[in-house]
Visitor: 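Sending over a structure as structure tokens; questions will come in a sec.
Numbering of residues begins at 1 and proceeds along the displayed sequence. We use all heavy atoms of the structure for the numbers below, so side chains are in, but hydrogens, waters and symmetry mates are not.
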Amino acid sequence: IIYVTRNPKDTCVSYYHHCRFIEGFKGEFNDFCDLFIKGKVSFGPFWTNVSQYWERRNQPNVFFLKYEDLKKDLPASIKEMTKFLGKNLNEDQIKLLTNHLSFSSMKTNKAVNYDDFITLHKKYKLIETDGDFIRAGNVNGYKGEMTEELIRKLDMWIEEQPDSEKLGYR
């Protein structure tokens, strides 16, 4: 199991856009954040999901990774994952994989960017939102989308979670 988690505030923003674009969520961002905090979204509650894997991170069949670490040093993360998978890659292979797995490459890769799905949904007017499935991918991108009040609200929620400090989210 390779489990990737992300800062809960960035997760909330990203998931809001996903739900509007793919699942047809029509509510306001603040309403979605309340649903996210309460665990009333698919794959929720956030902390229950993350904590289950955090508790198992030292098991030999679980590799626990933070999105922020991928963004900070993708080649190092790839090397860790290949070690976990029992594979040996040379530097050229690591470089090739780093390029293939970069955000810009993933954004244009039809195998993962849902372009065909989105085109079909737009054709039949199943979604009203414009955009891309793979949007921005920024670390701390929530700062440009959340009000200070909403950031404080999520910070208080994060502060209440036992594993948030261990994960570096406080």
Visitor: Please say whether more than 12 non-hydrogen atoms of neighbouring residues, nucleotides or ligands are located less than 6.0 Å from CD in Q52.
Guide: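 Atom CD in Q52 is packed in, count exceeds 12.
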Visitor: Identify the heavy atoms of N140 and D10 that sit nearest to each other, and give their distance.
Guide: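 Minimum heavy-atom contact is N-OD2, 2.6 Å.
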Visitor: With a 4.5 Å limit on heavy-atom distance, are the side chains of W47 and P162 in contact?
Guide: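 W47 vs P162: side chains apart.
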Visitor: Classify the side-chain pair D69/S77 by whether it contains a donor and acceptor separated by less than 3.5 Å.
Guide: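 Side-chain D/A pair, D69 to S77: absent.
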Visitor: Establish whether F103 and L96 are linked, either directly or via other cluster members, by ILVMFWY side-chain heavy-atom contacts under 4.5 Å.
Guide: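 Different clusters.
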Visitor: Is it the case that over 12 heavy atoms from other parts of the model lie below 6.0 angstrom from the CD atom of Q59?
Guide: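 Count over threshold, so yes.
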Visitor: So which heavy atom on L74 is nearest to which on T98, and how close?
Guide: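 That closest heavy-atom pairing would be CD2-O, 3.5 Å.
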Visitor: If you compare all heavy atoms of R6 against all heavy atoms of N138, which two are closest, and at what distance to 0.1 Å?
Guide: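 For R6 and N138, the tightest heavy-atom pair comes out as NH2-O, 3.0 Å.
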Visitor: Taking all non-hydrogen atoms of both residues into account, name the closest pair between S105 and N99 and its distance.
Guide: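 Minimum heavy-atom contact is CB-O, 3.2 Å.
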Visitor: What is the distance from atom NZ of K71 to atom CD of E68, rounded to the nearest 0.5 Å?
Guide: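 Spacing of NZ (K71) from CD (E68) equals 10.5 Å.
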Visitor: Kindly determine whether F46 and T11 satisfy side-chain contact (heavy atoms from CB on, under 4.5 Å), including the steps that lead there.
Guide: CA-CA 9 Å; F46 176 85; T11 299; 3.8 Å; yes
Visitor: Which pairs pass salt bridge (Lys or Arg N to Asp or Glu O under 4.0 Å) with one or both residues in residues 31-55, sequence neighbours excluded?
Guide: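 Listed by first then second residue: D34-K153.
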Visitor: Nearest 0.5 Å, what's the CD-CD1 distance between E149 and I151?
Guide: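 Going from CD on E149 over to CD1 on I151, the span is 11.0 Å.
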Visitor: Would Y15 and F36 count as a close aromatic pair, with their ring centres under 6.0 Å?
Guide: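 No: the rings miss the under 6.0 Å criterion.
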Visitor: Take V50 and D163 through the test side-chain contact (heavy atoms from CB on, under 4.5 Å) and record every step on the way to the result.
Guide: CA-CA 9 Å; V50 173; D163 291 329; over 6 Å; no
Visitor: I need the C19 SG to F32 CZ distance, nearest 0.5 Å.
Guide: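 Rounded to the nearest 0.5 Å, the SG-CZ separation comes out at 4.0 Å.
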Visitor: Got a sec, which residues hit side chain to side chain donor-acceptor pair (under 3.5 Å) with E23, two or more places apart in sequence or on another chain?
Guide: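 Applying side chain to side chain donor-acceptor pair (under 3.5 Å) to E23 gives H18.
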Visitor: Between R152 and D155, does at least one N-O distance fall below 4.0 Å, as a salt bridge requires?
Guide: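 Salt bridge flag = no for D155 with R152.
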Visitor: What pairs meet the side-chain hydrogen bond (donor to acceptor under 3.5 Å, both in side chains) rule with one or both residues in residues 82-91, with sequence neighbours excluded?
Guide: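 The answer is K79-E91.
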Visitor: Are F43 and V13 connected into the same hydrophobic cluster when the rule is that any two of I, L, V, M, F, W, Y join if their side-chain heavy atoms are below 4.5 Å apart?
Guide: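 Yes; tracing contacts between hydrophobic side chains, which count when under 4.5 Å, links both residues.
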Visitor: Do N49 and S51 have side-chain heavy atoms sitting under 4.5 Å apart?
Guide: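 SC-SC contact between N49 and S51 ruled out.
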Visitor: Measure across F29 and M146 and return the closest heavy-atom pair with its distance rounded to 0.1 Å.
Guide: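 Looking at all heavy atoms of both residues, the closest pair is CE2-CG, 3.7 Å.
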Visitor: With rounding to the nearest 0.5 angstrom, report the OG1 to CG distance, T5 to L167.
Guide: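 So the OG1 of T5 and the CG of L167 are separated by 6.5 Å.
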Visitor: Do K66 and Y169 form a cation-pi contact, if we require the NZ or CZ to be under 6.0 Å from the six-membered ring centre and within 45 degrees of the ring's axis?
Guide: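 Positive - K66 is close enough to the ring of Y169 and near enough to its axis.
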Visitor: Start with the C-alpha distance between I158 and K9, add both sets of side-chain angles, then the distance that settles side-chain contact (heavy atoms from CB on, under 4.5 Å), and finish with yes or no.
Guide: CA-CA 9 Å; I158 291 166; K9 290 178 274 193; 3.9 Å; yes
Visitor: Heavy atoms only: give me the nearest Y16-G27 pair and the separation to one decimal.
Guide: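 Of all heavy-atom pairs spanning Y16 and G27, the closest is OH-O, 3.7 Å.
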Visitor: What is the distance from atom CD1 of I78 to atom NE2 of H100, rounded to the nearest 0.5 Å?
Guide: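 Nearest 0.5 Å value for the CD1-NE2 distance: 10.0 Å.
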Visitor: For W54 and V62, run side-chain contact (heavy atoms from CB on, under 4.5 Å): C-alpha distance rounded to whole Å, both residues' side-chain angles, the deciding distance at 0.1 Å, then the answer.
Guide: CA-CA 9 Å; W54 176 253; V62 176; over 6 Å; no
Visitor: Rounded to the nearest 0.5 Å, how far does CD of E160 lie from CD1 of I37?
Guide: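 So the gap between those two atoms works out to 9.0 Å.
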Visitor: Would you say that Y53 contacts I2 through its side chain, given a criterion of any heavy-atom pair below 4.5 Å between the two side chains?
Guide: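 No, their side chains stay 4.5 Å or more apart.
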Visitor: My understanding is that only one of F63, F64, Y3 makes a ring pair (Phe, Tyr, Trp, His ring centres under 6.0 Å) with F84; could you say which?
Guide: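 Output: one option passes, namely F63.
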